[in-house]
Amino acid sequence: MKKYFGEIGLMLTAIIWGSGFVGSAVALESYSPYQILAGRFLIGAVLLCIVFHRKLKSIHKSTLMKGTVLGVFLYIAFALQTVGLQFTTPSKNAFLTAVNVVIVPFIAFVLYKRKLDWFEVIGAILAIVGVAVLSLQLSAEINIGDFLSFCCAIAFAFHIFYTAQFVKQEDPVVLTLIQMAAATLIGFIVVLCLGETSFSTQTEGLASLLYLGIFSTTIAFLLQTVAQKFISETKAAIILSTESFWGMAFSVIILSEVLTVKMVIGAILILSAIILSETKLSFLQKKKRVYLE
């Protein structure tokens with residue numbers, strides 16, 4: 001049951017993140033990207049402190065350090081994604097960000113000499129192909145935005161990997177709370193340095209920012225951190241890559257985007273990646289065994 005909780009929790013995270021594309025589009029009409037980052041992380045930190053205030057008494061130095069590391073990776077990833085989007089297309093930005101799914105297993109291999117699970121590696125490659133089919137518009141041009149988006153993927157890969165490592169010894173709720181606080185601090189330092197201290201109070205912008213803060217940040221990252229306690233980092237990255245699919249689904253449902261054959265093929269490839277990494281084709285081996293008997 002714990003394994004399934006991890007999978008369901010990460011799938012819910014991907015669904016929430018997918019819906020966040022719509023919320024971000026609306027929020028950007030009222031706030032700068034850096035104001036949105038600072039605002040959503042502040043909402044996350046405040047809500048977690050209110051709900052789990054009793055856990056604040058039991059914060060250890062090790063938890064504080066690990067949560068801060070996660071918060072730094074988290075903010076860097078979002079900032080690189082935001083800046084990269086200003087110089088490249090949304091489709092390339094989404095695809096290059098999703099490359100983290102392939103990077104995660106190799107971080108474990110290089111840094112911790114962990115043996116590669118080839119079913120998971122092939123599943124990760126299949127997932128990235130699915131994301132490419134789903135979102136990428138072919139273009140040979142490579143620019144600074146593409147490079148920043150790729151760096152964002154590296155930062156997200158390290159965030160996913162170290163979340164899996166740290167959550168084994170630490171309280172996932174406290175880890176989430178500290179990383180939100182660290183990202184908030186960095187976010188407001190950046191906003192102050194850029195002089196973006198004037199915040200809009202328009203209802204539509206505030207509502208979108210609240211949605212991003214409550215659902216796409218507080219609930220989603222809490223779910224991710226808790227769920228990664230029960231699942232490998234590579235599987236986590238593969239499941240989280242379905243964010244692209246859910247973003248497409250919400251665009252079709254809410255923004256009336258036209259569903260294409262390309263979208264369907266991409267979705268099938270991502271689903272196949274999850275099935276491959278999860279089952280390791282054990283059902284085929286069972287059928288073969290039954291046939292031989």
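The closest donor-acceptor contact from the side chain of K66 to the backbone of F166 lies at 3.5 Å or more, if one exists at all. Checked by atom type and distance alone, the side chain of Q228 never pairs as donor or acceptor with a backbone atom of V167 at under 3.5 Å. Listed for the Q35 side chain is a donor-acceptor partner under 3.5 Å among the backbone atoms of E196. In this structure, S200 contributes its side chain and Y31 its backbone to no donor-acceptor pair below 3.5 Å.
Under the 4.5 Å side-chain criterion, counting only non-hydrogen atoms from C-beta, S241 is not in contact with I128.
Note that the CG atom of L223 and the OG1 atom of T13 stand 4.5 Å from one another [nearest 0.5 Å]. To the nearest 0.5 Å, the span separating CD1 on I107 from CD1 on I154 amounts to 8.5 Å.
In this structure, F73 has its ring center at least 6.0 angstrom away from the ring center of F156. F215 and W17 have their aromatic ring centers separated by at least 6.0 angstrom.
Results of the side-chain contact (heavy atoms from CB on, under 4.5 Å) test with I178 over L64, L48, L56 single out L64 as the only residue that passes.
The two residues P33 and T82 make their nearest non-hydrogen contact at CB-CG2, 2.8 Å. Pairing each heavy atom of A77 with each of C152, the nearest pair is O-SG, 3.3 Å. Here the closest non-hydrogen pair linking V121 and P105 is CG2-CB, 4.3 Å.
Using modelled atom types and a 3.5 Å distance limit, the side chains of E170 and H60 yield no donor-acceptor pair. Residues T225 and T163 bring no donor and acceptor atom of their side chains to less than 3.5 Å of each other.
The hydrophobic cluster containing F5 also contains L240, counting ILVMFWY residues as joined when their side-chain heavy atoms lie under 4.5 angstrom apart, directly or transitively. With hydrophobic clusters built from ILVMFWY side chains whose heavy atoms lie under 4.5 angstrom apart, V72 does not share a cluster with M65.
Residues forming a side-chain hydrogen bond (donor to acceptor under 3.5 Å, both in side chains) with T68 (at least two apart in sequence, or on another chain): none. Taking the ring-ring contact (aromatic ring centres under 6.0 Å, His included) definition, one finds that Y34 meets it with nothing, sequence neighbours left out.
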Contacts table for residues 183-191: side-chain donor-acceptor under 3.5 angstrom, sequence neighbours left out:
unit_1	atom_1	unit_2	atom_2	d
T184	OG1	F41	O	2.9
T184	OG1	L42	N	3.2
T184	OG1	M180	O	2.7

